[in-house]
**Student:** 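First the structure, then my questions, so here it is.
Numbering of residues begins at 1 and proceeds along the displayed sequence.
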Amino acid sequence: MIKFNRYTLGNGLRVIVHTDKSTPLACINILYDVGARDEDPERTGFAHLFEHLMFGGSINIPSYDEPLQRAGGENNAFTTNDLTNYYLTLPAANLETGFWLESDRMLSLAFSEKSLEVQRSVVIEEFKQRYLNQPYGDVWLLLRPLAYKVHPYLWCTIGKEIRHIEEAVIEDVKAFFKKHYTPSNAILVVAGNVNQEQVKEYADKWFGTIPAQPRPLRNLKAEPEQKEYRNMHVTREVPSDAIYMAFHMCSRRDPEYHTMDLISDLLSRGNSARLYNELVKNKKMFSEISAYLMGDLDKGMFVISGKLLDGISFKEAELAVFAELDKLKQELISDKELQKVKNKMESTILFGEMSVPDIAMNLAFFELYEDADDINKEVGKYMAVTPEKIRTQAKLNLKRENCSSLFYESQNKN
């Protein structure tokens with residue numbers, strides 16, 4: 001069980017503290033409740049651009065990395081469609097340095113044309129390298145708008161197109177920061193060899209004086225139920241044909257999420273999983289195949305993707321996948337098969353609670369989902385999944401009319 005204390009500052013910043021005296025380190029994790037779904041459809045990629053800009057220095061600290069490295073620390077960050085997360089680790093004795101750095105850029109990020117130009121160039125290059133000039137790199141640029149028609153999940157965190165980043169101006173950047181990078185829109189988690197009272201003192205000292213602002217209201221368009229099968233066929237210079245099948249499902253917050261997560265494991269976790277066993281090993285139709293969830297905070301996607309072996313058509317491959325899904329809908333799985341994936345899931349969760357940075361990050365995630373204390377209930381929710389729940393969710397979600405398939409053909413075939 002992960003123990004923690006939690007309180008909220010007067011400006012709305014939620015603070016969570018977890019003490020672990022077995023490590024000499026401390027971790028500061030700040031999660032901002034802003035992601036790609038919060039962007040203007042004509043100004044996409046801003047949340048990810050901001051992840052880069054946040055390391056460009058604040059008004060009082062021109063270089064973020066230098067003082068952190070002098071204190072023996074390291075840092076990183078990432079952006080998703082739902083959130084932006086920053087984290088640093090450093091010797092616990094230097095904890096206040098982390099508070100100083102993080103609070104200053106929340107209060108007074110340095111905005112300059114030079115910094116914007118540098119980070120804009122970095123993001124544009126990343127767009128080209130990861131999404132345009134890499135085999136299968138544009139899959140999500142194609143699959144998301146195929147599966148989504150109105151919800152902002154229809155674009156990637158990198159943005160819809162390079163033009164949106166190229167045209168970003170300093171006024172847009174300042175407005176995005178002012179709206180989303182506020183105490184009331186953030187969750188601060190401190191974990192490691194820390195003293196609860198000292199953390200509270202530092203939080204009040206460094207973050208408590210940051211002016212309060214209203215939490216931004218989110219009014220996103222709900223994706224309508226998909227009632228017709230969709231597909232797209234593209235040809236690219238890639239080593240082999242690939243298929244991507246996206247199904248709409250519940251959100252990360254919904255109780256059905258844990259059932260769908262175990263379905264993905266039943267289908268593709270390990271060499272004894274159903275899709276691997278039947279379609280890779282027995283029928284030799286795929287060289288690899290996997291099933292996974294996006295874990296979205298709004299209604300998300302369940303994805304099955306695989307590389308086809310030579311001579312296998314897209315139609316054959318897709319029908320073979322649906323045949324395996326139909327088995328889940330028609331037959332109750334055995335308690336033994338279900339328990340096997342439950343045991344693997346429990347191991348994964350417990351392993352994810354071994355390092356201080358992972359604990360800090362997970363506490364922030366669960367607080368964003370609804371309640372940080374749910375981190376201690378997660379294993380129980382997976383254990384409560386029954387064969388009947390598996391069949392019900394498979395019938396509800398893994399059906400043809402709820403599927404968007406991307407057929408990604410290799411133009412290098414003989």
**Student:** Identify the two heavy atoms, one from Ala36 and one from Thr157, that lie closest to each other, and give their separation to 0.1 Å.
**Tutor:**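 Minimum heavy-atom separation between Ala36 and Thr157: CB-CA, 3.8 Å.
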**Student:** Short question: side chain of Ser264, backbone of Asp261 - any donor-acceptor pair under 3.5 Å?
**Tutor:**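 Pair found, side chain donor or acceptor close to backbone of Asp261.
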**Student:** With sequence neighbours excluded, tell me which residues meet side chain to side chain contact (heavy atoms under 4.5 Å, CB included) with Lys227.
**Tutor:**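 Testing Lys227 for side chain to side chain contact (heavy atoms under 4.5 Å, CB included), a comparison that skips the adjacent residues, returns Glu225.
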**Student:** Taking Leu49's backbone N and O only, do any of them form a donor-acceptor pair with Gln119's side chain (distance below 3.5 Å, no angle check)?
**Tutor:**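 No: the side chain of Gln119 does not pair with the backbone of Leu49.
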**Student:** List the steps and the verdict of side chain to side chain donor-acceptor pair (under 3.5 Å) for Asp254 and Ser251.
**Tutor:** CA-CA 5 Å; Asp254 290 328; Ser251 81; 3.2 Å; yes
**Student:** Would you please classify the geometry between the Phe50 ring and the Phe177 ring as parallel, tilted or perpendicular, with 30° and 60° separating the classes?
**Tutor:**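 Rings of Phe177 and Phe50: parallel, under 30°.
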**Student:** Please check if the side chain of Thr44 supplies one atom and the backbone of Pro41 the other of a donor-acceptor pair under 3.5 Å.
**Tutor:**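 The answer is no, because no donor-acceptor pair under 3.5 Å joins these two groups.
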**Student:** Hey, are Asp241 and Lys307 close enough for a salt bridge, meaning a charged N less than 4.0 Å from a carboxylate O?
**Tutor:**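 Answer for the salt bridge query: no.
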**Student:** Counting only heavy atoms not in Arg253, do more than 12 sit closer than 6.0 Å to its CZ atom?
**Tutor:**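 Counting other residues, nucleotides and ligands, CZ of Arg253 exceeds 12 neighbours.
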**Student:** List the residues meeting side chain to side chain contact (heavy atoms under 4.5 Å, CB included) with Lys221, not counting sequence neighbours, and say none if there are none.
**Tutor:**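 Expected list: Val150.
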**Student:** Going through the checks in order, is the ring pair (Phe, Tyr, Trp, His ring centres under 6.0 Å) test met by Phe314 and His233?
**Tutor:** CA-CA 10 Å; Phe314 288 110; His233 192 135; 5.2 Å; yes
**Student:** According to salt bridge (charged side-chain N to carboxylate O under 4.0 Å, His left out), does anything in residues 187-201 pair up with another residue at least two apart or in another chain? List the pairs.
**Tutor:**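 Salt bridge (charged side-chain N to carboxylate O under 4.0 Å, His left out) check on residues 187-201 returns Lys200-Asp204.
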**Student:** Test side chain to side chain donor-acceptor pair (under 3.5 Å) on Asn402 and Gln226; report intermediate values, then the result.
**Tutor:** CA-CA 5 Å; Asn402 189 39; Gln226 183 174 332; 5.5 Å; no
**Student:** Are there over 12 heavy-atom neighbours, none belonging to Lys399, within less than 6.0 Å of that residue's NZ?
**Tutor:**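 Yes, enclosed.
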**Student:** Taking only residues two or more places apart in sequence or in another chain, which ones pass ring pair (Phe, Tyr, Trp, His ring centres under 6.0 Å) with His248?
**Tutor:**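 If we apply the ring pair (Phe, Tyr, Trp, His ring centres under 6.0 Å) test to His248, skipping adjacent residues, the hits are Tyr148.
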**Student:** Applying side-chain contact (heavy atoms from CB on, under 4.5 Å) between Leu406 and each of Ile243, Val303, Leu143, Asn231, report the one that passes.
**Tutor:**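 Running side-chain contact (heavy atoms from CB on, under 4.5 Å) over Ile243, Val303, Leu143, Asn231 with Leu406 returns exactly one hit, Leu143.
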**Student:** Decide, yes or no, whether a salt bridge links Glu337 with Arg274 under the criterion of side-chain N to carboxylate O below 4.0 Å.
**Tutor:**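 Counted as a salt bridge, because a side-chain N and a carboxylate O are separated by less than 4.0 Å.
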**Student:** List in chain and number order the residues that pass side chain to side chain donor-acceptor pair (under 3.5 Å) with Arg37, two or more places apart in sequence or in another chain; answer none if no residue qualifies.
**Tutor:**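 For Arg37 the side chain to side chain donor-acceptor pair (under 3.5 Å) partners, ignoring immediate neighbours, are Asp82, Asp298.
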**Student:** Can you see whether Asp65 engages Gln69 through a side-chain donor-acceptor pair at a distance of less than 3.5 angstrom?
**Tutor:**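 The criterion, which ignores hydrogens and geometry beyond distance, is not satisfied for Gln69 and Asp65.
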**Student:** Could you check whether Arg130 pairs with Glu126 (Lys NZ or Arg NE/NH1/NH2 to Asp/Glu carboxylate O, under 4.0 Å)?
**Tutor:**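 Here Arg130 pairs with Glu126 in a salt bridge, since their nearest N and O are under 4.0 Å apart.
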**Student:** Can you name the residues that form a side chain to side chain donor-acceptor pair (under 3.5 Å) with Lys329, not counting sequence neighbours?
**Tutor:**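 Result, side chain to side chain donor-acceptor pair (under 3.5 Å) vs Lys329: Asp326.
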**Student:** Determine whether the side chains of Glu256 and Thr259 contain a donor N or O and an acceptor N or O closer than 3.5 Å.
**Tutor:**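 No, no side-chain donor-acceptor pair sits under 3.5 Å.
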**Student:** Any donor and acceptor pair, going by atom type alone, linking the side chain of Glu324 with main-chain N or O of Leu275 inside 3.5 Å?
**Tutor:**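 Side chain of Glu324 to backbone of Leu275: no pair is present.
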**Student:** Taking everything shown except Lys344 itself, do over 12 heavy atoms lie less than 6.0 Å from its NZ?
**Tutor:**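 More than 12 heavy atoms, drawn from other residues, nucleotides or ligands, come within 6.0 Å of this atom.
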**Student:** We want to know whether Asn193 and Asp20 form a side-chain donor-acceptor pair, criterion being a heavy-atom distance below 3.5 angstrom.
**Tutor:**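 No - no donor-acceptor pair under 3.5 Å links their side chains.
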**Student:** Using a cut-off of 6.0 Å, state whether more than 12 heavy atoms not belonging to Glu228 lie near its atom CD.
**Tutor:**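 No, not enclosed.
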**Student:** Mind checking whether His180 and Phe176 have parallel, tilted or perpendicular rings, split at 30° and 60°?
**Tutor:**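 Answer is tilted, since the angle falls between 30° and 60°.
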**Student:** Using the side chain to side chain donor-acceptor pair (under 3.5 Å) criterion, which residues pair with Thr235? Sequence neighbours excluded.
**Tutor:**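 With neighbours one apart ignored, the set is empty.
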**Student:** Quick one: ring-ring contact (aromatic ring centres under 6.0 Å, His included) pairs with a partner in residues 257-297, sequence neighbours left out?
**Tutor:**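 The answer is His258-Tyr382.
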**Student:** Is there a donor-acceptor pair under 3.5 Å between the side chain of Asn11 and the backbone N or O of Phe207?
**Tutor:**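 Present.
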**Student:** Holding to side chain to side chain contact (heavy atoms under 4.5 Å, CB included), I want the full list of residues that pass it with Leu25, two or more places apart in sequence or in another chain.
**Tutor:**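 Residues passing side chain to side chain contact (heavy atoms under 4.5 Å, CB included) with Leu25: Thr23.
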**Student:** Using a 6.0 Å cut-off, check whether atom CD of Glu161 has over 12 heavy atoms from anything other than its own residue.
**Tutor:**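 Counting neighbours around CD of Glu161, more than 12 heavy atoms of other residues, nucleotides or ligands fall under 6.0 Å, so yes.
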**Student:** Using every non-hydrogen atom in the two residues, find where Leu266 and Ile390 come nearest and quote the distance to one decimal.
**Tutor:**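 Distance-wise, the nearest heavy atoms are CD1-CD1, 4.0 Å.
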**Student:** Measure from the side-chain N and O atoms of Asp358 to the backbone N and O of Glu353, and report whether any donor-acceptor pair falls under 3.5 Å.
**Tutor:**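 Here the side-chain-to-backbone pair does not exist.
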**Student:** Yes or no on side chain to side chain donor-acceptor pair (under 3.5 Å) for Asn85 and Asn29, after CA distance, side-chain angles and deciding distance?
**Tutor:** CA-CA 7 Å; Asn85 196 69; Asn29 190 102; 2.7 Å; yes
**Student:** Could you pull out all residues at least two apart from Glu318 that satisfy salt bridge (charged side-chain N to carboxylate O under 4.0 Å, His left out)?
**Tutor:**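 Salt bridge (charged side-chain N to carboxylate O under 4.0 Å, His left out) check on Glu318 returns Arg400.
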**Student:** Does a side-chain N-to-carboxylate-O contact under 4.0 Å join Arg105 and Glu102?
**Tutor:**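 Judged by the 4.0 Å cut-off on N to carboxylate O distance, Arg105 and Glu102 do form a salt bridge.
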**Student:** Classify the ring geometry between Tyr408 and Tyr244 as parallel (under 30°), tilted (30 to 60°) or perpendicular (over 60°).
**Tutor:**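 Correct class here is perpendicular.
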**Student:** What are the two closest heavy atoms between Val341 and Leu338, and how far apart are they?
**Tutor:**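 Shortest heavy-atom contact: CG2-O, 3.0 Å.
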**Student:** Between Asp172 and Arg43, is the closest basic N to carboxylate O distance under 4.0 Å?
**Tutor:**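 Salt bridge between Arg43 and Asp172, a charged N being under 4.0 Å from a carboxylate O: yes.
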**Student:** For Lys128, which residues count as a side chain to side chain donor-acceptor pair (under 3.5 Å) partner, sequence neighbours excluded?
**Tutor:**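 Checked Lys128 against side chain to side chain donor-acceptor pair (under 3.5 Å); zero matches.
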**Student:** For Ser272 and Lys340, which I'm curious about, is there any donor-acceptor pair between the side chains at under 3.5 Å?
**Tutor:**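 There is such a pair (donor and acceptor under 3.5 Å, judged by atom type) between the side chains of Ser272 and Lys340.
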**Student:** Before you tell me yes or no, could you show the steps for Thr79 and Glu51 under side chain to side chain donor-acceptor pair (under 3.5 Å), namely the whole-Å CA-CA distance, both residues' side-chain angles and the distance that decides it to 0.1 Å?
**Tutor:** CA-CA 7 Å; Thr79 310; Glu51 175 199 322; 2.5 Å; yes
**Student:** Salt bridge or not for Glu367 and Arg6, using N-O below 4.0 Å?
**Tutor:**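 Salt bridge between Glu367 and Arg6, a charged N being under 4.0 Å from a carboxylate O: yes.
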**Student:** Run the side chain to side chain contact (heavy atoms under 4.5 Å, CB included) test against Thr209 and tell me which residues pass, sequence neighbours left out.
**Tutor:**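 In terms of side chain to side chain contact (heavy atoms under 4.5 Å, CB included), with neighbours along the sequence ignored, Thr209 is linked to no residue.
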**Student:** Using every non-hydrogen atom in the two residues, find where Ala246 and Ala147 come nearest and quote the distance to one decimal.
**Tutor:**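 Minimum heavy-atom separation between Ala246 and Ala147: CB-CB, 4.4 Å.
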**Student:** For Glu237, does the CD atom have more than 12 heavy-atom neighbours from other residues, nucleotides or ligands under 6.0 Å away?
**Tutor:**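 Not more than 12 within 6.0 Å, no.
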